[in-house]
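For the numbers below, each heavy atom of this structure counts, side chains included, while hydrogens, waters and symmetry mates do not.
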Amino acid sequence: MREAGVNLVSVGIFSWSRLEPVPGRYDFEWLDRVLDLLHGGGIAADLATGTASPPPWLVHQHPELLPMLADGVRLHHGARQHYCPSSPAYRDAAARLAEAMATHYHDHPALVMWHVGNEYGCHVPACYCDVSAADFRSWLQRRYQSIEELNRAWGTDFWSQRYSDWAEVIPPRRTPTWPNPTQSLDFQRFSSDALLECYEAERRELAEHAPGVPITTNFMSFFKPLDYWKWSQREDVVSNDAYPDPDDPESGLIAAMNGDLMRSLARGRPWVLMEQTPNRVNWRPVNAAKPPGLMRLWSLQQVARGADGILFFQWRQSRAGAEKWHSAMVPHGAPEHSRAWQEVKALGADLGKLDAVCGGGVDAQVAILLDWESWWALELPSKPSGELRQLDQVRAYYRHLFDANVAADFAHPTSDLTPYKVVLAPNLYLVGEAAAGNLDQYVKAGGTLVMSFFSGIVDPDDHVRLGGYPAPFKELLGLRVEDFLPLAPGRQIAVEFADGSQGGGDLWSELVTPHGAEEIATFGSGELAARPAVTRQHYGEGTAYYLATRLDPPSMSRVLSEVLARAEVAPTWSGPAGVEAVRRDSPQGRFLFLLNHGEEEVEAPVPAGGLELLSGERLASSSITLAARGVAIVLEPGSGPSAEAVEAARVPAEHAGEGSLAEAGERDA
Ligand SMILES: [Zn+2]
């Protein structure tokens with residue numbers, strides 16, 4: 001580990017059956033030895049509570065804690081995460097283990113962070129059993145107070161679903177056809193909260209018996225079942241697991257989005273990449289190997305987007321068990337013959353040079369709205385089109401920002417949007433009063449909003465907002481949507497811009513009647529010919545754009561380029577295509593990260609006189625050569641404490657790799 005510059009290890013994540021081999025008898029001897037060894041080697045521990053996989057004895061004591069699918073099928077032990085989130089037996093046993101861990105390890109010198117559970121919601125995001133049904137009813141009683149109020153919210157007069165007693169209410173189990181949509185939406189809210197209660201039960205024990213130790217649980221990037229805006233508020237350090245597919249041509253973009261989401265969830269607190277793979281995963285139909293340089297590129301990309309630490313799953317590749325074909329820092333064979341190991345060692349040395357970057361953020365002038373409740377509601381069945389996917393719409397916007405090197409945060413629609421010059425609202429289907437008022441105020445006060453189709457359609461009960469679509473935004477956008485004309489997969493619709501140039505859209509189109517909005521582009525053919533496709537409305541001191549279709553990437557770039565230019569949002573950097581640029585500010589200075597996603601060497605412009613941290617070279621000229629998948633991190637001249645001071649503060653070369661980001665992150669924490 002020291003050879004690779006490791007200074008933080010997550011340990012014990014699935015160790016319940018070893019830590020508590022029989023009910024109530026804890027065995028910490030082996031873990032004591034591991035933590036003592038780590039500490040002796042100068043390595044800290046992110047100690048897991050080990051509760052993500054209940055031991056077989058607990059399941060046999062309490063078979064009712066096994067989770068149930070919507071069709072009544074029980075899932076059994078023999079894999080992992082086989083527990084009902086609402087089960088008192090599971091929650092209690094997990095809390096007892098967390099208490100025992102905290103009591104035993106609270107003053108162990110290796111302990112720097114707690115890691116609660118693992119990837120909450122993975123495999124079993126919701127449970128439909130009778131225990132969960134009772135918990136769901138309690139949750140609903142808190143939300144609605146009376147059964148009459150539940151009947152109103154769920155619209156139960158439709159299809160004869162009126163409830164006369166709470167006892168009649170169940171989760172949306174398998175039904176002949178679509179279950180009640182508000183019931184489904186509430187069940188998604190409830191299921192995210194039920195898992196959060198599991199996390200909270202353990203967190204309370206840790207905070208009580210080991211006060212002052214930061215607490216995290218690892219997220220899974222854009223994971224639909226859990227409302228991470230809610231979850232992240234309960235963490236001291238946000239951590240993320242990210243496994244983009246090297247075979248996906250947009251994986252670099254997806255990885256960037258993941259990093260931006262984590263930075264946004266952390267809201268100024270530190271965040272770390274908790275898991276990535278050194279090489280292959282084991283869970284896709286075909287598990288592509290990472291080509292040379294890609295692991296380093298994606299690791300430093302996460303640092304660029306705000307991560308203060310980079311970790312891997314897993315340290316040593318297992319010989320047995322379900323993940324023995326998931327790659328590891330130390331492979332099955334001799335490490336000295338492994339490219340992955342050589343790259344892991346080199347990354348450790350690279351990270352050792354980046355202490356000055358830690359604690360810094362990314363100054364974004366653009367926000368992308370993301371609301372889990374709207375995401376859930378949008379993707380419920382029985383819509384004008386079953387092809388609407390929240391993340392597809394987010395990606396349609398993000399693609400341009402990524403290619404143009406424009407930094408963006410993610411934001412909840414009710415959050416403070418005043419720091420942003422431009423706010424993007426992809427498919428914000430469900431909107432509450434607070435969010436509608438917030439967006440209205442934001443534009444009135446001078447902000448620029450870009451909203452796409454099928455937004456502002458329902459309220460938090462998933463009831464259609466009447467008075468013409470999109471009811472809360474008609475005035476703001478200066479238009480009314482008269483009808484939806486979704487497009488079958490593969491069908492395109494022509495779009496004509498005011499200057500005569502042509503573009504296109506797919507997925508969706510709408511019949512829009514402007515009431516004040518000017519037309520930036522119109523549909524070019526068919527029933528919607530000459531009707532608005534893209535509009536702009538001046539409202540208060542600001543501007544609101546509306547997109548009535550999913551524009552193809554060149555048309556989207558054209559619209560967003562205009563929006564960003566008018567709002568005076570400048571790109572971070574301009575240079576050869578395929579090079580990602582992110583500027584990260586820290587108390588030490590401003591760091592320009594240049595990441596070449598291409599497979600060719602390129603010449604990239606840089607601020608002359610800057611210090612390139614990975615090579616330690618002062619840049620004499622105003623360009624730098626980036627190898628294929630190469631990275632440069634340039635401390636911009638005059639951007640903070642001098643480059644000389646940063647150089648002097650760096651760890652001596654013989655210790656390179658020992659002092660690294662996680663250590664600095666630990667100090668910050
Ligand atoms: Zn259950």
Side-chain angles (χ1 to χ4, degrees), residues 143-144 148-159 161 178-186 188-189 227 369-386 388-390 393 411-415 417 423-444 447 449-486 507-517 532 535 537 539-540 542 544-550:
R143 184 176 176 89
Y144 294 116
E148 258 324 295
E149 185 54 17
L150 176 135
N151 279 311
R152 182 205 59 76
W154 286 14
T156 52
D157 281 325
F158 199 78
W159 284 357
Q161 295 172 352
W178 315 299
N180 181 298
T182 315
Q183 177 191 15
S184 298
L185 178 60
D186 274 344
Q188 285 175 290
R189 291 175 171 129
D227 183 347
L369 299 183
L370 180 69
D371 176 3
W372 261 264
E373 297 201 1
S374 184
W375 182 358
W376 295 332
L378 177 73
E379 295 184 5
L380 288 172
S382 183
K383 293 277 190 334
S385 168
L388 297 175
R389 297 281 175 273
Q390 184 69 71
Q393 310 319 323
H412 190 274
T414 58
S415 65
L417 300 174
V423 168
L424 307 172
N427 245 184
L428 191 61
Y429 171 68
L430 177 152
V431 184
E433 291 307 318
N438 194 39
L439 293 180
D440 191 88
Q441 266 313 111
Y442 167 75
V443 178
K444 247 185 205 146
L449 174 72
V450 185
M451 178 171 277
S452 43
F453 54 90
F454 212 44
S455 289
I457 301 300
V458 298
D459 66 16
D461 290 329
D462 195 30
H463 292 194
V464 173
R465 290 171 164 279
L466 299 179
Y469 314 122
F473 303 126
K474 282 182 310 192
E475 202 188 329
L476 163 68
L477 297 167
L479 54 79
R480 203 170 56 235
V481 175
E482 313 288 358
D483 202 4
F484 310 122
L485 290 82
L507 185 72
W508 188 270
S509 61
E510 290 179 342
L511 176 57
V512 171
T513 303
H515 290 281
T535 65
Q537 157 90 337
Y539 183 71
Y545 290 79
Y546 188 69
L547 313 181
T549 184
R550 178 169 72 180

Determine whether Thr182 and Asp462 satisfy the following criterion, side-chain hydrogen bond (donor to acceptor under 3.5 Å, both in side chains), listing intermediate values before the conclusion. CA-CA 6 Å; Thr182 315; Asp462 195 30; 4.7 Å; no

Heavy-atom distance under 4.5 Å between the side chains of Arg152 and Asp461, does that happen here? yes

Member of Leu388, Val481, Val512 meeting the side-chain contact (heavy atoms from CB on, under 4.5 Å) criterion with Phe453: Leu388

Should we count CD of Glu475 as having more than 12 external heavy atoms under 6.0 Å? no

Identify the residue among Leu428, Leu507, Leu424 that makes a side-chain contact (heavy atoms from CB on, under 4.5 Å) with Gln393. Leu507

So which heavy atom on Ser385 is nearest to which on Pro486, and how close? CB-CB, 3.8 Å

Got a donor-acceptor contact below 3.5 angstrom from the Arg465 side chain to the Val431 backbone? yes

Closest non-hydrogen contact found for Ala517 with Leu477 is CB-O, 3.3 Å

Ignoring hydrogens, what is the shortest heavy-atom contact between Arg189 and Asp186? Give both atom names and the distance. NH1-OD1, 2.8 Å

What I'd like to find out is whether the side chain of Val443 reaches to under 4.5 Å of the side chain of Gln537, using heavy atoms alone. no

Side-chain heavy atoms of Arg480 within contact of His515, under 4.5 Å: yes

Minimum side-chain heavy-atom gap Arg550-Trp508 below 4.5 Å: no

For the residue pair Tyr539 and Asp440, confirm or rule out a side-chain donor-acceptor distance under 3.5 Å. yes

We want to know whether Glu510 and Tyr546 form a side-chain donor-acceptor pair, criterion being a heavy-atom distance below 3.5 angstrom. yes

Which word best sums up how the rings of Trp178 and Trp159 line up, parallel for under 30°, tilted for 30 to 60°, or perpendicular for over 60°? parallel

side-chain contact (heavy atoms from CB on, under 4.5 Å) between Met451 and Leu476: does it pass, once the steps are laid out? CA-CA 11 Å; Met451 178 171 277; Leu476 163 68; 5.5 Å; no

Any chance you could measure Lys383, atom NZ, to Tyr429, atom OH, to the nearest 0.5 Å? 4.0 Å

Just verifying a value: how many Å separate Leu378 CG and Asp371 CG, rounded to the nearest 0.5 Å? 11.0 Å

Any side-chain heavy-atom pair of Pro413 and Asn438 under 4.5 Å: no

Could you tell me whether a side-chain N or O of Ser509 sits under 3.5 Å from a main-chain N or O of Leu485, the two making a donor and an acceptor? yes

Under 3.5 Å, is there a donor-acceptor pair between the side chain of Ser452 and the main chain of Asn427? yes

Main chain of Gln390, side chain of Glu379: is a donor-acceptor contact present, judged purely on distance under 3.5 Å? yes

Taking C-beta and beyond as the side chain, do Pro470 and Ser455 meet within less than 4.5 Å on heavy atoms? no

With a 4.5 Å heavy-atom cut-off, do Leu449 and Phe473 have their side chains touching? no

Euclidean distance, Asp459 CG relative to Leu430 CG, rounded to 0.5 Å: 7.0 Å

For Phe484 together with Tyr469, are the ring centres under 6.0 Å from each other? yes

Do the side chains of Pro426 and Val450 get nearer than 4.5 Å, heavy atoms only? no

With no hydrogens and no angle check, do the side chains of Asp227 and Trp376 hold a donor and an acceptor under 3.5 Å apart? no

Could you tell me which non-hydrogen atom of Ala377 sits nearest to which non-hydrogen atom of Leu185, and how far apart they are? N-CD1, 4.0 Å

Between the side chains of Asn151 and Thr156, does any donor sit under 3.5 Å from an acceptor? yes

